[in-house]
S.K.: 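Please read through the structure below; I'll follow up with questions.
Keep in mind it's a predicted model, so treat the numbers as computed, not measured. Protein chains get the first letters and strands the later ones, always in sequence-line order, with residue 1 at the start of each.
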There are 2 protein chains.
Amino acid sequence: MKLNERHLMQLAAVLDAGGVSEGAAMLGLTQPAVSRSLAMLEARVGEPLFLKGRRPLQATPLGFQLAAQGRTIITASRKASDAVQGFMKGTKGVVRVGGVPFFMDAMISRMIGEFQKLEPEVTVQQSYMNLPEMVAALESNQIDLGIVPIGVLDLGPGFEFTEILPGRNVVACRPDHPLLRNRRLRAHDLTSFPWVAPLPGSPLMSDLQMILMSIGMSDLNIRYSGGSLMSVINFLAETDALAVLPFSVVFAQRRENRVTVLPYEIPQPSRSLGILRRVSGPRSPAAERFAGHVTTAFENLKHIIKRHENAVVWGR
Amino acid sequence: MKLNERHLMQLAAVLDAGGVSEGAAMLGLTQPAVSRSLAMLEARVGEPLFLKGRRPLQATPLGFQLAAQGRTIITASRKASDAVQGFMKGTKGVVRVGGVPFFMDAMISRMIGEFQKLEPEVTVQQSYMNLPEMVAALESNQIDLGIVPIGVLDLGPGFEFTEILPGRNVVACRPDHPLLRNRRLRAHDLTSFPWVAPLPGSPLMSDLQMILMSIGMSDLNIRYSGGSLMSVINFLAETDALAVLPFSVVFAQRRENRVTVLPYEIPQPSRSLGILRRVSGPRSPAAERFAGHVTTAFENLKHIIKRHENAVVWGR
DNA sequence: CAGCTTCATAGCAAAACGCTATACAAGGGA
DNA sequence: TCCCTTGTATAGCGTTTTGCTATGAAGCTG
């Protein structure tokens, strides 16, 4: 007993509107069309759906039951239309963001929060990944965009990269670290403290290598590794350990006052933080909108970050 | 942006089944038909619903969203079909029963309970009414059947009456009523006690008149009226008042031992309790089934009731 | 790269759907 | 009671949709 969904919808409309003509109008149809649909539905069901010979057209209990289903079909159909509308306007749907762990935790998660206030009907699915997996995830369409630091040279074909922040690493430590008392830091000052290693596979890992080399540390004095940003900060706050972090990450923690920056210039990677997207493939307007939000947010933040570094770290 | 509900269902089926061919089979269609529907839906939406060039056919987020709506449409459609099936088998739907208050409270409500155990998916809507309103309610199709005592002559055209119990009234009182100590009751014994009047409009009301006349009581010594069965029984149990009740009603209360029957023969009305239905009009199988249940229940109960009266009331 | 599987397209027939015009039936008022 | 208004059903017709079979194209797999 397969019923025609269209007929069920028309039944619901008729009962809700209180008449065939009204129901037809509600659906943008003419009265005869709906009348016939009802007759066909009734024939299919084999039971009367209306009490015959009654002017304000009264339905039988079965008629009401079927109308209830018709109503949910109408609702579902409307929701589907709304989903498409919302999708195209970018006000509905899902944005799947992958990103490097520290930066996602420090900056992007806050921006996702801001974005939610603007677009409450957009769901954001965050995931953590580094460049290789990110490329794979983008290609297999598992994420809409990635937040990652890359060098311009690394950009493969079919991908588009929007810079949001120049990469700038610093050495982070707790605010009452003994080294902060030194007027002028030398490379060998830094070698006598333990270091925190970032998550394996992270771009910070290679940065760290480079820095340790530049300060003449042959082998790593790694005392802690594998922690997420919150873990690393907790660790730093409790010990005299040092860590290589993007300055923006330290900047994002400025209010908590648990980590600060050692005024010591280190070699900088030739990478920029940015948004990685596929050129082709289906583009979600919600994702575009999110990317726009992140971009402008950093546009506004860029010079504040710069000023903060100059003032707080270098005392300029 | 009105989408075709059928297309949404097919999309859902395809995603759930994991392929166009499988989804088509699930709906009893061929693969090309579904393939075209998907193409049409995609064209209508204007956004890709699938990632092109991927063999295990992966959907975009928007595709998933629309499929979710398609799923609810499929479910609703299935529910509608089930409702029809259940309606025809009498295992689903609504039975609207109207009946005279005392009898509904004493007997029918219990049977509705039994019936629910047999047909848990049938909803019973009970309402209280006497003959005139019952006829109107049946004619305007507000109830499916009525439980009422009527004389054969009272049966109007277009109605059908199924007797379930011969009408038999008794005088009820509490078990330790002083009159029960009398060996042989006379009419004037009954006149010295107050009487309970049934609900106005009830057939019992005229029965009461008849009885009072037969025992030579010119004016009514009514001390209580208007209560439902539970109220009347509570009242009887607390006082020495007498009441005219159908024997079956007292019978139904035998376990509670709060009312009993005065062994005094009173004039009997020429009415029978039964089920009143319309001959024409839509008949709900669930209602038929319920009527059948009530009928057979009383068929089984009839002789028990008779035996009980003989044994307990008349000591035979 | 060959073969298998899976999806897309073509072409056609039947059914469904929509419309306008019109007939019919139920209530309401004179 | 009769007629008029209002609302529903039917007729007839053209267009669109939906289904099918046959066949082509594109990924995946060994």
S.K.: Rounded to the nearest angstrom, tell me the gap between atom CG in A:Leu41 and atom P in D:dA9.
M.R.: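 Interatomic distance, CG of A:Leu41 to P of D:dA9: 13 Å.
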S.K.: B:Leu57 CG to D:dA26 C1': how many Å, rounded?
M.R.: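 Atom-to-atom, B:Leu57 to D:dA26, this comes out as 13 Å.
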S.K.: In whole Å, what is the span from the CG atom of B:Leu15 to the P atom of C:dC7?
M.R.: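 Answer to the nearest Å: 11 Å.
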S.K.: Measure from CG on B:Leu38 to P on C:dA8 and round the result to the nearest Å.
M.R.: 7 Å
S.K.: Do the side-chain N and O atoms of A:Thr91 and A:Arg289 include a donor-acceptor pair separated by under 3.5 angstrom?
M.R.: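 Judged by distance alone, the side chains do not pair up.
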S.K.: Considering only NZ, NE, NH1 and NH2 on the basic side and carboxylate oxygens on the acidic side, decide whether B:Arg278 and B:Glu139 come within less than 4.0 Å.
M.R.: no
S.K.: Round to the nearest Å and state the distance from A:Leu49 atom CG to D:dT8 atom C1'.
M.R.: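 Spelled out: CG on A:Leu49 to C1' on D:dT8 is 15 Å.
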S.K.: With rounding to the nearest 0.5 Å, note down the distance linking CD in A:Gln142 to CD in A:Glu133.
M.R.: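 So the gap between those two atoms works out to 11.5 Å.
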S.K.: Using five base pairs at each end to define the local axes, how bent is the helix from C:dC1-D:dG30 to C:dA30-D:dT1, to the nearest 10°?
M.R.: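 About 30°, once rounded to a multiple of 10°.
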S.K.: Heavy-atom distance under 4.5 Å between the side chains of A:Pro48 and A:Glu42, does that happen here?
M.R.: yes
S.K.: Return the value, rounded to whole Å, for the distance between atom CG of A:Leu27 and atom P of C:dC19.
M.R.: 11 Å
S.K.: Could you check how far CG of A:Leu51 sits from P of D:dT8, rounded to whole Å?
M.R.: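 Checked: the CG to P distance equals 14 Å.
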S.K.: Answer yes or no: is there a donor N or O on one side and an acceptor on the other, between the side chain of A:Ser202 and the main chain of A:Pro198, under 3.5 Å?
M.R.: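 No: the side chain of A:Ser202 does not pair with the backbone of A:Pro198.
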S.K.: Please classify the nucleic acid contact of B:Ser21 as base, sugar-phosphate, or nothing, using heavy-atom distances under 4.0 Å.
M.R.: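 Sugar-phosphate: the residue B:Ser21, judged by heavy atoms under 4.0 Å, touches backbone atoms but no base.
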S.K.: Taking DNA chain C as the partner, which of residues 63-74 of chain A come within under 4.0 angstrom of it by heavy atom?
M.R.: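 Nothing qualifies; none.
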S.K.: Which letters describe nucleotides 12-22 of chain D, given B = protein heavy atom under 4.0 Å from base, S = only from sugar-phosphate, - = neither?
M.R.: B-----BBBBB
S.K.: Take atom CD of B:Glu22 and atom C1' of C:dC7, then tell me their distance rounded to the nearest Å.
M.R.: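 Value for this atom pair: 11 Å.
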S.K.: So, A:Gln10 versus A:Ser37: side-chain donor-acceptor pair below 3.5 Å or not?
M.R.: yes
S.K.: Please determine if B:Glu163 and B:Arg271 form a salt bridge, counting it only when a charged side-chain N lies under 4.0 Å from a carboxylate O.
M.R.: no
S.K.: Salt bridge (Lys or Arg N to Asp or Glu O under 4.0 Å) for B:Glu119 and B:Lys92? Distances and angles first, verdict last.
M.R.: CA-CA 8 Å; B:Glu119 301 295 348; B:Lys92 261 191 182 164; over 6 Å; no
